Undergrad: 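Quick one: the structure is below, questions incoming.
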Amino acid sequence: MFRNRFWLSLVLSVPVVVLSPMVGHLLGYHVPRFPGSAWIPPVLGTVIFLHGGAPFLRGGLTELRSKQPGMMLLIAMAITVAFTASWATTLGIGGFDLDFWWELALLVVIMLLGHWMEMRALGAASSALDALAALLPDEAERIEDGQTETVPIGALAAGDLVLVRPGARVPADGTITDGSAEFDESMITGESRAVARGPGEPVVAGTVATDSTVRVRVEAVGEDTALAGIQRMVADAQESSTRAQALADRAAALLFWFALGAGILTALAWTLLGSPDDAVVRTVTVLVIACPHALGLAIPLVVALSTERAARAGVLIRDRMALERMRTIDVVLFDKTGTLTEGAHAVTGTAPVPGVSEGELLALAAAAEADSEHPVARAVVAAAAAHPGASERRLRGTAFRAATGRGVRAQVDGAEVAVGGPNLLRELGLGSPAAIAAATRSWAERGAGVLHVLRDGQVIGALALEDAVRPESRAAVRALQERGVQVAMITGDARQVAEAVGADLGIDEVFAEVLPQDKDSKVVELQSRGKTVAMVGDGVNDAPALARAEVGIAIGAGTDVAMESAGVVLAGNDPRAVLSMIDLSRAGYRKMLQNLVWAAGYNVVAVPLAAGVLAPAGIVLSPAVGAVLMSASTIVVALNAQLLRRLDLDPVRLAAAGEPRPAERPAAAAAS
């Protein structure tokens, strides 16, 4: 809307400005005259006022009704006074020389441009609730009389029996009646590991069966599902978010009362002095120039440049107020899985028994797991491929068999190789060999998954699998703390897993075993301590917390729901990009204040002069000179905003700025 009105108003304003006697006098050219030329500015100016100025007139009326004056009312007052005075001059009413058609046109055009830039910076996208709903499948396989039929998800009812195949999403909350499978519940619980579910255990709509087919008895559909509950929490959190008034609007509110008061005092003073004509001229001049172009551009210019600079640094600003609030953040609350960590299993330790090399252990495990699509299997295969001693063996497995919840078996190099967790050892009546018991115990204590590798029924070693910490996370945590910002971590993972990661990264506070509704409440808990919270996450389970926090930051590699619930999206998955946003917010806020000080400072000087305070000394600000000062103010604001282009927002350099040089590192760290 603002864009379309801007372009039309810009085209119509050209002849209005060119044919203005005041502009001709200022620029020293002869205004062309031809039959009907005198009526072009009034006619086109009226179109500009009614069409281009309509959003401001409507907005001003709304602010007036709500008794909350702001930018819209200030603009509406200025263009209405200019419109009325200009028509009075055009029609020769009162004999006043108050031809403001050109000023009206430029004011509307510049304000439309400013608001268009502002709206673009907001970057509104599709609803987070729609993205949540997209997690549910469109259809389900319902079982009736032993036969399966594909039905729309809306046709399901409590009590129905549905078939969920490997890789498919559960269509509704329910209980497994037949079969066992491992479910990826990370989008709901935040738990990074797939969770084994069997007969009698509950499953949640939107989760994914990763390896086997199960039958599920539907217990809740539609608004009664856990996913729908998360939708409601996101909606509630968005509604309850603090609607802080924009900085420019606060300045405009003060300026409105200043201009209105100055106008009333001007009219009274000149009337009491016996100069009613001067009272009208001076009052109109005050009310028109009290809305400087600079104020309309002061914030949008900074916001537009800030969003551009942020995008180049991998930070996408969806909410202007999120950028403004980021400078006040006391604590950054990171989701663990997929944010501080890779969000995928990785082999982080190997423990072969004597006589077996690390390469041999990995090669045998990878050969057995090669035909499995399970995330753990992919992690083992990837680790073997990256290990020189394992990759050069090039072993292949045959006769692959998978046992849900226990592990896999295959024939490798003439031997039967099995890879599995504690259930596999219990099934075979085996224990962890003494040679590797200490290693496996320490892995389990910190929450790592432990896989044992067996050859012909004998344990030959073990592997540790964990959600690997991103290398850049350490730098991000340290740099945030150096800026005086506390760092907290929240996760649905087990406490020992969370505390191990927290200790590794130097996190200030860790929240573990947290369900979605508790993530939301943990943000509230931090806020109740007087903290201003920025939440960084990537999953559906993070959406309510992202919406509740003062600033919600979604990792770009995460889900659509997280991104739609956040005010900021990191285009990549580097947590150091949060540093770019903090520095940009602080620099941008300084520029906003500088621009507003300049714009308001113009009024502090120009309004009293226009009112005739120095008239006894022969100094009176004419409308023409006031217009020149307006233009100068606008140019200064624009140039000052451009200085943001010099800001270095490279997250790698920002995080490395405070790192100790090699010679400065502690001896213990160097030794490690």
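It should be emphasised that the depicted structure is a prediction, and the values quoted were computed from it without experimental measurement.
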Undergrad: Do Phe511 and Glu525 make a side-chain contact, defined as non-hydrogen atoms from C-beta onward lying under 4.5 Å apart?
TA: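 Sidechains of Glu525 and Phe511: in contact.
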Undergrad: How about Arg3: does its CZ atom have over 12 heavy atoms from other parts shown lying under 6.0 Å from it?
TA: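 Atom CZ in Arg3 is not packed in, count stays at 12 or less.
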Undergrad: Quick one: CG on Leu73 to NZ on Lys67, what's the gap to the nearest 0.5 Å?
TA: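 It comes to 13.5 Å.
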Undergrad: Please walk me through it: do Val151 and Val162 pass side chain to side chain contact (heavy atoms under 4.5 Å, CB included)?
TA: CA-CA 10 Å; Val151 299; Val162 295; over 6 Å; no
Undergrad: Is the closest side-chain heavy-atom distance between Ile553 and Met326 below 4.5 Å?
TA: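 Yes - at least one pair of side-chain heavy atoms lies under 4.5 Å apart.
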Undergrad: Taking all atoms of both residues into account, what is the closest heavy-atom pair of Ala512 and Ala498, and its distance?
TA: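 It is CB-CB, 3.5 Å.
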Undergrad: Rounded to the nearest 0.5 Å, what separates atom CD1 in Ile490 from atom NZ in Lys336?
TA: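 The NZ atom of Lys336 is 12.5 Å from CD1 of Ile490, to the nearest 0.5 Å.
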Undergrad: Could you tell me if the side chain of Val551 sits less than 4.5 Å from the side chain of Met581, heavy atoms only?
TA: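 Result yes, sub-4.5 Å side-chain heavy-atom pair found.
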Undergrad: Would you say the side chains of Thr175 and Glu219 form a donor-acceptor pair under 3.5 Å?
TA: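 Result is yes, a qualifying pair exists.
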Undergrad: Is it true that a side-chain atom of Gln481 and a backbone atom of Gly506 form a donor plus acceptor pair closer than 3.5 Å?
TA: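 Present.
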Undergrad: Compare every heavy atom of Ala534 with every heavy atom of Ile329, then report the nearest pair and how far apart it is.
TA: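 The answer is CD1-N, 3.7 Å.
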Undergrad: For Val204 and Thr207, work out which heavy atoms get closest and say how close.
TA: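 Nearest pair, atom of Val204 first, then Thr207: O-OG1, 2.6 Å.
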Undergrad: Does the pair Leu451 and Val380 meet the rule for a side chain to side chain contact (heavy atoms under 4.5 Å, CB included), with working shown?
TA: CA-CA 10 Å; Leu451 290 181; Val380 173; 4.2 Å; yes
Undergrad: Can you see which heavy atom on Asp335 is nearest to which on Gly537, and at what distance?
TA: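 Taking every non-hydrogen atom into account, CB-CA, 3.8 Å.
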Undergrad: Is any side-chain heavy atom of Leu340 closer than 4.5 Å to a side-chain heavy atom of Met489?
TA: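 They are in contact (side-chain heavy atoms under 4.5 Å apart), so the answer is yes.
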Undergrad: So do the side chains of Val203 and Ile176 get within less than 4.5 Å of each other, counting heavy atoms only?
TA: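 Yes - at least one pair of side-chain heavy atoms lies under 4.5 Å apart.
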Undergrad: Are Val523 and Leu333 side-chain neighbours, meaning at least one heavy-atom pair lies under 4.5 Å?
TA: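 Yes, close enough: below the 4.5 Å cut-off.
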Undergrad: Starting at CZ of Arg590, measure out to CG of Leu643 and round the result to the nearest 0.5 Å.
TA: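 Separation between the atoms: 11.5 Å.
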Undergrad: With side chain to side chain contact (heavy atoms under 4.5 Å, CB included) as the test, would you mind laying out the steps for Thr177 and Leu161 before giving the verdict?
TA: CA-CA 9 Å; Thr177 61; Leu161 188 65; 3.5 Å; yes
Undergrad: For Ser580, give me all partners under side chain to side chain donor-acceptor pair (under 3.5 Å), at least two apart in sequence or on another chain.
TA: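 By the side chain to side chain donor-acceptor pair (under 3.5 Å) rule, Ser580 matches no residue at all.
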Undergrad: Taking salt bridge (Lys or Arg N to Asp or Glu O under 4.0 Å) as the test, write out the residues that go with Glu466, two or more places apart.
TA: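 Partners of Glu466 under the salt bridge (Lys or Arg N to Asp or Glu O under 4.0 Å) test: Arg446.
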Undergrad: For a 4.5 angstrom cut-off between non-hydrogen side-chain atoms, does Val487 reach Arg478?
TA: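 When only atoms from C-beta onward are counted, Arg478 and Val487 do not touch, as no gap falls below 4.5 Å.
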Undergrad: Under 4.0 Å between a side-chain nitrogen and a carboxylate oxygen: does that hold for Arg217 and Asp160?
TA: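 No, Arg217 and Asp160 are not salt-bridged.
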Undergrad: To the nearest 0.5 Å, tell me how far Arg474 CZ sits from Arg576 CZ.
TA: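 Output value for this atom pair is 12.0 Å.
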Undergrad: Compare every heavy atom of Ala479 with every heavy atom of Leu579, then report the nearest pair and how far apart it is.
TA: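 Here Leu579 and Ala479 meet closest at CD1-CB, 3.5 Å.
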Undergrad: With no hydrogens and no angle check, do the side chains of Asp330 and Gln486 hold a donor and an acceptor under 3.5 Å apart?
TA: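 Distance-only check fails for Asp330 and Gln486.
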Undergrad: What residue among Lys531, Lys522, Arg529 forms salt bridge (Lys or Arg N to Asp or Glu O under 4.0 Å) with Glu509?
TA: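 Filter result, single survivor: Arg529.
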Undergrad: Can you name the closest pair of heavy atoms from Ser212 and Pro166 and give their distance?
TA: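 The pair with the smallest heavy-atom distance is C-CG, 3.6 Å.
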Undergrad: Would you give the length of the straight line joining atom CG of Leu156 to atom CD of Glu139, rounded to the nearest 0.5 angstrom?
TA: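 So the gap between those two atoms works out to 10.5 Å.
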Undergrad: What is the distance from atom CZ of Arg470 to atom CG of Leu505, rounded to the nearest 0.5 Å?
TA: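 The CG atom of Leu505 is 11.5 Å from CZ of Arg470, to the nearest 0.5 Å.
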Undergrad: Is the closest side-chain heavy-atom distance between Pro199 and Ser180 below 4.5 Å?
TA: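 Counting from C-beta outward, Pro199 and Ser180 do come under 4.5 Å.
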Undergrad: Go through it in stages, so that I can follow the logic: the residues are Val164 and Arg215, the test is side chain to side chain contact (heavy atoms under 4.5 Å, CB included), and I'd like the CA-CA distance, side-chain angles, deciding distance and then a yes or no.
TA: CA-CA 6 Å; Val164 181; Arg215 286 174 169 79; over 6 Å; no
Undergrad: Here's one to test your reading of the geometry: is the NZ or CZ of Arg197 within 45 degrees of the ring axis of Phe183 and under 6.0 Å from its centre?
TA: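 The answer is no, since Arg197 fails at least one limit relative to Phe183.
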